[in-house]
Amino acid sequence: MTVEWGSAGAALAGQGSSGDRGVVVSFPGGALVAVIDGLGHGVEACKAALAAERVLIAAPREPVTELVERCHEELRGTRGAVLSLASFDGEQNTMSWLGVGNVEGLLVRLDQHTADEAVAMRGGTVGYNLPPLRPRTLSVRPGDTLVFATDGIRHGFKSEVLAARSPQQIADEVLRNWSKSNDDAYVVVARYAGHQEAA
């Protein structure tokens with residue numbers, strides 16, 4: 001298992017379904033982590049997010065640029081979505097990530113002397129208009145913690161990302177303390193564990 005993870009989400013009050021979804025898929029030597037925010041609320045937003053989720057689950061090992069382009073094609077004719085995604089390579093100890101739209105991404109380092117990183121969120125909508133896709137690849141160490149959060153989560157949640165908490169505890173606290181009352185909200189927390197050989 002390349003990452004240990006947890007997630008938490010809530011639909012806008014009065015809506016039966018949420019347009020915000022998370023994806024975590026492990027594969028040999030790595031893991032794909034993503035959060036998708038279908039535009040708007042309710043059933044149509046959920047349909048767009050589900051379409052992107054299917055693309056990511058079907059091919060988690062593909063480069064992040066390729067995955068966003070596949071989602072863009074699949075989401076034509078839907079409301080569209082914004083998303084951020086990261087692919088961990090447990091053999092190289094790297095993470096490649098990319099964001100389209102306003103799904104916030106934060107990599108909090110276990111080593112407090114190493115600067116935290118934020119995903120570069122580029123304007124655009126998957127399914128309508130893609131910006132130039134420029135993924136970044138970062139070195140990661142075991143214990144580094146990635147957080148993706150939709151815009152239903154207020155900025156400033158870094159204080160919840162504590163090494164003593166499990167990823168699920170962090171996700172629960174971010175949702176409880178930082179979610180907005182007027183939007184769907186979703187957060188995924190993934191802590192890098194490094195490459196672990198099969199027994």
Side-chain angles (χ1 to χ4, degrees), residues 3-24 32-57 64 68 71-72 75 78-86 95 97-109 116-131 144-191:
V3 297
E4 177 193 358
W5 65 278
S7 65
L12 175 67
Q15 296 288 343
S17 55
S18 174
D20 292 6
R21 301 190 69 81
V23 175
V24 181
L32 176 70
V33 180
V35 165
I36 307 152
D37 183 350
L39 296 195
H41 312 293
V43 173
E44 293 304 315
C46 185
K47 284 181 182 176
L50 282 168
E53 180 183 57
R54 286 192 295 269
V55 171
L56 300 179
I57 290 173
V64 291
V68 171
C71 286
H72 183 61
L75 267 62
T78 73
R79 279 192 178 180
V82 295
L83 63 84
S84 288
L85 69 168
M95 180 192 79
W97 65 351
L98 183 60
V100 177
N102 56 352
V103 173
E104 185 173 0
L106 185 66
L107 180 69
V108 178
R109 302 289 193 173
D116 298 329
E117 301 272 359
V119 70
M121 297 183 291
R122 304 182 64 83
T125 303
V126 179
Y128 284 90
N129 58 317
L130 277 190
D144 290 350
T145 302
L146 170 70
V147 183
F148 280 146
T150 65
D151 64 349
I153 302 289
R154 302 192 316 276
H155 298 297
F157 56 74
K158 180 187 166 185
S159 59
E160 305 289 359
V161 187
L162 303 175
R165 289 178 174 169
S166 71
Q168 186 61 57
Q169 289 172 323
I170 294 169
D172 289 340
E173 291 302 307
V174 170
L175 183 71
R176 181 177 9 256
N177 297 325
W178 298 87
S179 61
K180 301 175 184 177
S181 61
N182 62 345
D183 202 355
D184 298 334
Y186 204 93
V187 57
V188 167
V189 180
R191 179 168 289 148

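Quick note: numbers below take in every heavy atom, side chains included, and nothing from hydrogens, waters or symmetry partners.
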To the nearest 0.5 Å, what is the distance between CE on Met121 and OG on Ser84? 7.0 Å
Val33 and Val23, any side-chain heavy atoms less than 4.5 Å apart: no
Measure across Gly38 and Asp20 and return the closest heavy-atom pair with its distance rounded to 0.1 Å. N-OD1, 4.4 Å
Just do the side chain to side chain contact (heavy atoms under 4.5 Å, CB included) check on Trp97 and Glu117 with the steps written out, would you? CA-CA 11 Å; Trp97 65 351; Glu117 301 272 359; 4.0 Å; yes
Taking 4.0 angstrom as the limit, do Arg109 and Asp116 come out as a salt bridge? no
Quick check: do Arg122 and Val100 have side-chain heavy atoms less than 4.5 Å from each other? no
Under a 3.5 Å distance rule, please check whether His72 uses its side chain to pair with a backbone N or O of Val126 as donor and acceptor. no
Min side-chain heavy-atom separation Lys47-Thr78 under 4.5 Å: no
To the nearest 0.5 Å, what is the distance between CD on Glu104 and CZ on Arg154? 12.0 Å
Would you say the side chain of Leu146 lies within less than 4.5 Å of the side chain of Arg191, judging by non-hydrogen atoms? no
Leu39 and Thr125: CA distance, side-chain angles, deciding distance, side chain to side chain contact (heavy atoms under 4.5 Å, CB included) verdict: CA-CA 9 Å; Leu39 296 195; Thr125 303; 3.7 Å; yes
Tell me yes or no: between the side chains of Ser18 and Tyr186, is some donor less than 3.5 Å from an acceptor? no
Looking only at heavy atoms, the pair that brings His155 and Trp178 closest together is O-CZ3, 3.2 Å
Stepwise side chain to side chain contact (heavy atoms under 4.5 Å, CB included) check, Asp37 with Leu83: CA-CA 6 Å; Asp37 183 350; Leu83 63 84; over 6 Å; no
Residues Cys71, Leu56; criterion side chain to side chain contact (heavy atoms under 4.5 Å, CB included); working and verdict: CA-CA 8 Å; Cys71 286; Leu56 300 179; 3.9 Å; yes
Just by distance, do the side chain of Asn102 and the backbone of Asp151 share a donor-acceptor pair under 3.5 Å? no
Are Val188 and Val147 side-chain neighbours, meaning at least one heavy-atom pair lies under 4.5 Å? no
Is there a side-chain contact between Phe148 and Val189, using heavy atoms and a 4.5 Å cut-off? no
My understanding is that only one of Val64, Val35, Val103 makes a side chain to side chain contact (heavy atoms under 4.5 Å, CB included) with Leu85; could you say which? Val64
Could you tell me whether the side chain of Glu173 and the main chain of Ile170 form a donor-acceptor pair under 3.5 Å? no
To the nearest 0.5 Å, what is the distance between CZ (Arg165) and OG1 (Thr145)? 12.0 Å
Quick one, Val24 and Ser7 - any side-chain contact, counting heavy atoms below 4.5 Å? no
Would you call Val187 and Thr150 a side-chain contact if the rule is heavy atoms closer than 4.5 Å? no
Just jot down the salt bridge (charged side-chain N to carboxylate O under 4.0 Å, His left out) partners of Arg79, sequence neighbours excluded, or say none. none
Closest heavy-atom pair and its distance - Ala8, Ala171: CB-O, 3.7 Å
Would you find more than 12 non-hydrogen atoms of other residues, nucleotides or ligands less than 6.0 Å from Lys158 atom NZ? no
Closest approach of Leu175 and Ala185, non-hydrogen atoms and distance? CD1-CB, 3.9 Å
Heavy-atom pair of closest approach, residues Gly80 and Ala48: O-CB, 3.5 Å
Looking only at non-hydrogen atoms, find the nearest pair between Glu53 and Gly22 and report the distance. OE2-O, 3.8 Å
